[in-house]
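The structure appears below as structure tokens.
Below, chains carry the letters A, B, ... as their sequence lines are ordered, and counting in each starts from 1.
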There are 2 protein chains.
Amino acid sequence: MATISDVAELAGVSTATVSRALNGKSTVDPELAARVLAAARELGYQPNGPARNLRRQEAAVLALVISDVENPFFTAIARGVEDVAHSVGYSVVLCNTDEDAVKERKYVDVAIQERVAGVIISPTATAAGVEQLTRRGTPVVAVDRPLPDRECDTVLVDTRLAARQATTHLVEQGYGRIGCVTGPSGLRTADDRLAGYRDALRSSKQRSSPRLVRRTEFKAAGAQKAAADLFAQEEPPDALLVANSAMAIGVLEALRAHALRPGRDVGVVAFDDVPWAGLVDPPMTVVAQPAYEIGTVAAQLLLARIADNTRAPTTTTLGARLIERGSTVRA
Amino acid sequence: MATISDVAELAGVSTATVSRALNGKSTVDPELAARVLAAARELGYQPNGPARNLRRQEAAVLALVISDVENPFFTAIARGVEDVAHSVGYSVVLCNTDEDAVKERKYVDVAIQERVAGVIISPTATAAGVEQLTRRGTPVVAVDRPLPDRECDTVLVDTRLAARQATTHLVEQGYGRIGCVTGPSGLRTADDRLAGYRDALRSSKQRSSPRLVRRTEFKAAGAQKAAADLFAQEEPPDALLVANSAMAIGVLEALRAHALRPGRDVGVVAFDDVPWAGLVDPPMTVVAQPAYEIGTVAAQLLLARIADNTRAPTTTTLGARLIERGSTVRA
DNA sequence: CTGAAAGCGCTAACAA
DNA sequence: TTGTTAGCGCTTTCAG
């Protein structure tokens, strides 16, 4: 593979000049620069990334560490990050932790080893090894969930408020035994959504019962079992707040299995406005989170911090929007 | 940040010994190796990836270049690739082309520059710059669509046959004016699905009319317009073969807008067994592609080729499975 | 404005 | 078994 020396030789200049020309430094004679460019093209020259990164002690790469590539919420974030990063010449590498602290640690290690310029992460409950990053001074932005110590820029959604509003909506629609299917304890979004749910019940004087709450993985299968379990009770819920869209699939399947119709029999609100939410029957009421915007904001914060790591950490909280559809109408 | 020399000094050995110990070479005295490991841990040593890759002339990284991170078909492939790659110590970086030849070219350049060990790609219609990879001898595996010259390992689904079977299923269910909504011309999967559709019509003696076929982006919005357009005709179709799941969303929305019920009024079969297919009313008949398996097979082929690039290119064709549900029942 | 040369951190001959 | 040493390809002083 052609190296910078090959280009230099062909262009009849030194490697230093080639480097300068190819990197668009102004201090190069236009005629020489043209010769260099021509030589590079002729040889099909592609710079050697590792060599450049070794020398520069940093790569123009951002790592995006998320917990589930198959969750549309996270892929939308990824889009936002990518769009911003690419517009300023950074690449993005996507890493998938599956909510597994071991995988998270491994990916953080990879990020450190590859000397990426910065990391955007939705930390697992334990935030295993994120501290490693901050300790080394690698810029970090947390998304979706805060880090325990909150020592880095953070982009969140006010998910507790959103859960409260969604639950209040259920109350206003006349549902009287509202349940909640949320994620594992310790996961901030799961806990916040549960807290918001309780806030709403409290302020509307509905009594809340642990028997109306189920916690499970943020997956369809777990939610299906949880919902089946809820409906098998003597006094089953007449409405549910569901903490994400994968879970919503499980809940809707359980409803169907019990011959319960969303809205009429059981009110349903789920987090995340997935494309199919309007297609199920009746259309599903959802809490729309600004996922793409989370990504763009996080990327901008990260780039700013890469440029200047002395700024104090900020926390940006974005709002969610309740989209009312048929699954919360009793009629 | 600690370097190998720091570790060497602390352990009282040479950098070569540190390197050997850390890489698990057998030729190191166990006692020394233990000292090295202790020193490395104490310093929080993380090897410098760029330096290692520069020296080795290769990174333990695979690039996966796909056309849409938000398409569940491709994220399932990504899972398959990751699972295999990680099991043998490779990392995977995901790149998103949006079916855009310019982005594809850019990502191929990045892959070359970073000297990744190999590339798995679902090439855009023009396959811009993939040739660059093969020319440089970078191992490549094409997934979902073949490359024009077929000079690399390829993992496909027999999508033409699957489309034919799906269409035949519609015929057998008694539909008599079957239409097709497929992707842009030049995209092999789009063309193959259309061809399979025509195969089926031909062998069942149904006449096919260009007025029953629409081509659009593989997205919901385009499919919605296409379907609306089809149903606005004097002789609208009474069934549709839809070439992917995003398009299916658009088609179902169009049906709803025209107050047409899937199955009873218009038979619907779509490619890809998305999690929500069973939740719409009636449940949607789909062609289930073995996406995860595509990913695992592609990764295995790529790893084999990285180990030995002299083998002749192979093409693996996997089968799809028709899952019959309510959207193709007239009753 | 250009070139010579040092060196980023690591691995792999080669020597001992 | 261990150490010495020569680069991998690039950027960036420092001289000229």
Measure from the side-chain N and O atoms of [X] to the backbone N and O of [Y], and report whether any donor-acceptor pair falls under 3.5 Å.
| X | Y | result |
| --- | --- | --- |
| Arg145(A) | Ala142(A) | no |
| Arg35(A) | Ala11(A) | yes |
| Thr317(B) | Leu156(B) | no |

Query raised in the report: Just to confirm, is there a sub-4.0 Å distance from OP1 or OP2 of dC10(D) to any side-chain nitrogen or oxygen of Asn53(A)?
Result: no
If only side-chain N and O atoms of Ser19(A) are considered, is one of them under 4.0 Å from the OP1 or OP2 phosphate oxygen of dC10(D)?
no
Side chains of Thr134(A) and Glu151(A): donor-acceptor distance under 3.5 Å anywhere?
no
*Could you tell me whether the side chains of Tyr292(A) and Asp83(A) share a donor-acceptor contact shorter than 3.5 Å?*
yes
By nearest-nucleotide position on DNA chain D, the 5'-leaning member of Arg55(B) and Thr17(B) is Thr17(B)
Exercise. NA contact type, Pro47(B), heavy-atom cut-off 4.0 Å: base, sugar-phosphate, or nothing?
Worked result: sugar-phosphate
Open item on the list: Base of dG9(D), side chain of Arg115(B) - is there a donor-acceptor contact under 3.5 Å?
Closed with: no
With the side chain defined as heavy atoms from C-beta on, Ala51(B) is closest, among dT11(D), dT13(D), dG9(C), to dG9(C)
Among dT4(D), dC10(D), dG9(D), the one nearest any side-chain atom of Tyr45(A) is dC10(D)
By nearest-heavy-atom nucleotide on DNA chain C, the more 5' of Thr27(A) and Thr15(A) is Thr27(A)
Expected list for residues 32-43 of chain B near DNA chain C, using heavy atoms below 4.0 Å, is none
Rounded to whole Å, CG of Leu54(A) lies from P of dC8(D) at a distance of 13 Å
